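Remarks on the structure that follows.
Remember, it's a predicted structure, so these values are computed and weren't measured experimentally. As the structure lists them, so they are numbered: ligands from 1, and atoms in each ligand from 1.
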Amino acid sequence: MKTFKYTLDKSSKKYVCPKCQKKTFVKYLETDTGHYLSDYFGRCDRETNCNYHNKPLGNNINTFLSSDKRQLIPSYHNMDLLTKSMRAYDRNNFISFLKTIFSADEVYSAIRKYKIGTSKNWNGSTIFWQIDNHNRIHGGKILQYNSTTGKRMKDKKNKALINWVHSILKRRKQLENFNLSQCLFGLHLTNQNTKKIAIVESEKTAVIMSMFKPQYCWLATGSKQAFKLEMLLPIKGFEIIAFPDKSEYTDWNLKAIKLNKIGFRIHVSKILEYTNYPIGFDLADLITFHREKDKSFNNST
Ligand SMILES: [Zn+2]
């Protein structure tokens, strides 16, 4: 085995990063003595947000940690697991909510399209599987909704309920290691896709919009931060329109400008930004909001 003069500290010890001041800094040490180099030699773990990496001079340096290798190999779920989850829609809160807006036929075709699952994690919870354009299953995100309002449900600490299929399997000792590397929700639909791609943040909104505006292929990032190169790379060849939640326009637009410089074709919609809707409002809220208004209008006439 090759021995390096200097190496990143393989113990899990983290220090304060000289750049971002977070405790995510791995220092370099001299292999022979085990002594750290000065406080400025090291690598920040926040690769995307900080990216500080100051290597000692020379070639005989190990800049790689074994944990890096694990991160590079994504894990996938097998298709059986997904297939088994595609049932019990009569007790799936999100599906019940969809049926208050769309016909049963429309809802079932959306279920088949996005391969939406039902979980027992919370009674009536929904699984949004992240399946890529090679039909590999990157993960299953479990969310809980209110079946009447379609809003996310929260725990006692007022945190929206979220879990992952791999976390549950690990807890049950049915899975040992799982390296979650997320992909866009709906990415599998881009196989043989000829439509313009529309991107939103939430899975729920992508599913709703796919029925409301089927002329687009609707995908979801799953979080604000996931609107980034690694996630969007598989759809680089497509024309893309992004619909950020209200108040996220500036952030997504800046990212899109950078991505367009390297060949992406992303247009970021301002449709929600210059409205009086509350912060975080998205396209699905817009539709349900107007539906409620229509209902009260019809009731009063
Ligand atoms: Zn840092």
(message) Could you tell me if K27 sits above the aromatic ring of Y36, with its cationic atom closer than 6.0 Å to the ring centre and no more than 45 degrees from the axis?
(response) yes
Given the rule in the side-chain hydrogen bond (donor to acceptor under 3.5 Å, both in side chains) test, do S147 and N93 qualify, once you have shown the distances and angles that lead to the verdict? CA-CA 4 Å; S147 59; N93 291 356; 4.6 Å; no
How are the rings of Y277 and F281 set relative to one another: parallel (under 30°), tilted (30 to 60°) or perpendicular (over 60°)?
parallel
Check your understanding: Using 30° and 60° as the class limits, which term best fits the ring planes of H53 and Y28: parallel, tilted or perpendicular?
Key -> parallel
At a cut-off of 2.8 Å, protein N/O/S around the Zn ion (ligand 1) gives C17 SG, C20 SG, C44 SG, C50 SG
- Task: Report yes if the side chains of Y249 and V268 come closer than 4.5 Å at any heavy-atom pair, otherwise no.
- Result: yes
Contacts of K255 meeting side chain to side chain donor-acceptor pair (under 3.5 Å) (sequence neighbours excluded), chain-then-number -> none
